[in-house]
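What follows is a single structure, written as structure tokens, with notes after it.
Since the structure is predicted, the reported quantities are computational estimates derived from the model, not experimental observations.
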Amino acid sequence: MSAVQSLKQTALYDRHAALGARMGAFVGYDMPLWYEGIKAEHIAVREKVGIFDLSHMGEIFIAGRQAFDLIQYLTCNDLRRIGDGQCQYTLFPTPEGGVVDDLIVYQINPEDYMLVVNASNIDKDFAWINSHNSFDCTVVNRSDELSLIAVQGPRTDDLLFDIGLKSIRSQQAFTFRRTKLQGHKLTIAGTGYTGERGFELIVDNADALWLWDRIVEHGEKYGLAPIGLGARDTLRLEMAYSLYGSELSDTISVLEANLEWTLRFGPDFIGKEFLVQQKAQGVKRLIAGLTVDQNQGAPRHAAPVYSERGKEIGLVTSGSFSPSLNKGIALALLQTEFTAVDTPVLVDIRGKRVAAKICPLPFYSKA
């Protein structure tokens with residue numbers, strides 16, 4: 001069996017093929033990288049509305065009398081901050097303060113939760129959860145049973161209202177609800193990855209084609225465009241959202257990833273002792289944002305970053321050309337002393353050291 005033949009396909013694969021998508025291998029799936037092109041798709045989401053197939057993402061369910069206690073022990077954010085129908089961005093820290101994965105927790109009720117995890121880490125996360133489950137609760141991986149369709153962009157509310165989701169305009173970010181549309185069950189969550197108004201619609205695989213087709217059918221008048229993984233990455237980078245394997249890994253601590261806002265230092269959790277000590281001592285390196293002037297190109301992953309005097313001070317974790325800002329942007333893991341806003345640095349772009357500077361995050365804002 002060839003490598004291509006062995007790739008998984010989502011329930012929406014035939015729709016991508018019919019649209020002429022450029023397909024490519026991504027974490028074991030044959031996924032659409034782009035349709036019309038990354039820049040055009042990026043702009044469509046910023047200005048109108050886009051539809052994404054994110055069915056490769058993982059969904060793990062934890063239920064039982066001590067479900068809350070297990071999640072509170074595994075994650076570094078404070079589950080007490082949310083209630084039923086609310087979502088929370090959080091991380092699984094390692095005992096050494098690194099990151100097993102980042103995820104979003106959905107509280108159905110205090111004894112029933114859904115965890116949406118990164119596609120590349122589904123099996124690892126499932127094993128990690130089970131290895132620490134000495135609590136009275138069950139853990140079920142439903143990732144292969146569910147499809148996830150995201151709709152993102154300023155026309156999102158109009159489009160989803162049009163397909164029959166009449167209460168969509170009142171739904172807040174980082175909330176979710178379970179409902180039915182024409183007899184089909186779906187979960188609607190406001191936990192997007194683009195910085196735009198948007199929602200994720202989670203359905204059984206058997207309902208994915210019906211939902212995709214309904215959105216597409218009603219979407220033409222709103223300028224709906226299918227969006228591949230390429231534009232998804234440039235959209236998230238403009239917002240400085242972390243990506244596992246780039247800004248997050250088991251060798252980059254939660255504090256070094258510039259995610260201290262996710263930490264609680266009350267009840268115990270895995271990695272708490274290390275992170276308390278690291279916070280007291282101060283981190284020696286930190287994720288920061290940098291921009292380069294127009295027409296100077298775009299930094300890429302693993303490109304070296306230097307001080308003005310030529311000392312290597314870190315590496316780019318994610319870099320790209322920003323369609324919204326029309327210049328190169330990057331997140332980089334740098335020595336902390338060089339991460340103050342407006343600090344001049346040099347970054348390697350195609351073998352040349354190009355002038356750049358540290359900038360505030362996120363890179364992009366509608367304001």
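There is no side-chain donor-acceptor pair under 3.5 Å between Ser120 and Asn118. Under 3.5 Å, the side chains of Ser147 and Asn205 contain a donor-acceptor pair of N or O atoms. Under the 3.5 Å distance criterion, with hydrogens and angles disregarded, a donor-acceptor pair is assigned to the side chains of Gln171 and Arg177.
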> For Ser143 and Asn141, what are the C-alpha separation, side-chain angles and deciding distance, and is it a side chain to side chain donor-acceptor pair (under 3.5 Å)?
Replying inline: CA-CA 6 Å; Ser143 303; Asn141 179 8; 2.6 Å; yes
>> Using side chain to side chain donor-acceptor pair (under 3.5 Å), reason through Ser324 and His42 one step at a time and then give a plain yes or no.
In response: CA-CA 8 Å; Ser324 301; His42 181 111; 3.0 Å; yes
> For Asn77 and Thr75, what are the C-alpha separation, side-chain angles and deciding distance, and is it a side chain to side chain donor-acceptor pair (under 3.5 Å)?
Replying inline: CA-CA 6 Å; Asn77 209 331; Thr75 61; over 6 Å; no
> For Gln278 and Ser253, what are the C-alpha separation, side-chain angles and deciding distance, and is it a side chain to side chain donor-acceptor pair (under 3.5 Å)?
Replying inline: CA-CA 9 Å; Gln278 188 178 57; Ser253 81; 2.7 Å; yes
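For residues 221-246, the pairs satisfying salt bridge (Lys or Arg N to Asp or Glu O under 4.0 Å) are Arg46-Glu238, Asp162-Lys221, Asp233-Arg236, Arg236-Glu247, with sequence neighbours left out.
Side-chain contact between Val305 and Phe338 is absent, with no heavy atoms from C-beta onward closer than 4.5 Å. Between Phe274 and Val276, every side-chain heavy-atom pair lies at or beyond the 4.5 Å cut-off. Within the 4.5 Å cutoff, the side chain of Asp78 has heavy atoms near those of the Gln72 side chain. When side chains are defined from C-beta on, Thr94 does not count as touching Ile270, because their heavy atoms never get closer than 4.5 Å. Put simply, the side chain of Leu263 reaches to within 4.5 Å of the side chain of Phe269, judged on heavy atoms. A 4.5 Å side-chain heavy-atom check between Leu243 and Leu331 finds every atom pair outside the cut-off. The shortest distance between side-chain heavy atoms of Tyr364 and Ile329 does not fall below 4.5 Å. Side-chain contact between Asp84 and Ile108 is absent, with no heavy atoms from C-beta onward closer than 4.5 Å.
By the salt bridge (Lys or Arg N to Asp or Glu O under 4.0 Å) test, Arg197 is found to be paired with Asp157, residues two or more places apart in sequence or in another chain being considered. Take Arg65 and apply the salt bridge (Lys or Arg N to Asp or Glu O under 4.0 Å) test, not counting sequence neighbours, and it matches Asp136. Scanning for salt bridge (Lys or Arg N to Asp or Glu O under 4.0 Å) contacts around Asp213 gives Arg15, with sequence neighbours left out. Ala21 pairs by the side chain to side chain contact (heavy atoms under 4.5 Å, CB included) definition with His16, Met23, Pro32, Tyr35, not counting sequence neighbours. Residues forming a salt bridge (Lys or Arg N to Asp or Glu O under 4.0 Å) with Lys279 (at least two apart in sequence, or on another chain): Glu260.
A salt bridge between Arg169 and Asp158 is present, with a side-chain N of the basic residue lying under 4.0 Å from a carboxylate O of the acidic one. Using a cut-off of 4.0 Å between Lys/Arg side-chain N and Asp/Glu carboxylate O, Arg285 and Glu256 are scored as salt-bridged.
The CG atom of Leu146 sits 6.0 Å away from atom CG of Asp204, with the distance rounded to the nearest 0.5 Å. For the atom pair Ile129 CD1 and Phe126 CZ, the distance stands at 8.0 Å (nearest 0.5 Å). To the nearest 0.5 angstrom, Leu33 atom CG is 8.0 Å from Ile38 atom CD1.
Counting heavy atoms of neighbouring residues, nucleotides and ligands inside a 6.0 Å radius, atom NZ of Lys39 does not exceed 12 of them. Around atom NZ of Lys272, more than 12 heavy atoms belonging to other residues, nucleotides or ligands sit under 6.0 Å away.
The backbone N or O of Leu211 lies less than 3.5 Å from no partner atom in the side chain of Asp207, so there is not a single donor-acceptor pair.
Cation-pi geometry between Lys327 and Phe321 is not met: the NZ or CZ atom fails to fall both under 6.0 Å from the ring centre and inside 45° of the normal.
Ring orientation note: the planes of Tyr106 and Phe176 are nearly perpendicular, at an angle over 60° on the 30°/60° scale. Between Tyr113 and Phe68, the angle of the ring planes lies from 30° to 60°, which puts this pair in the tilted group. Note: His56 and Tyr29 have perpendicular aromatic rings, judged against thresholds of 30 and 60 degrees for the angle between ring planes.
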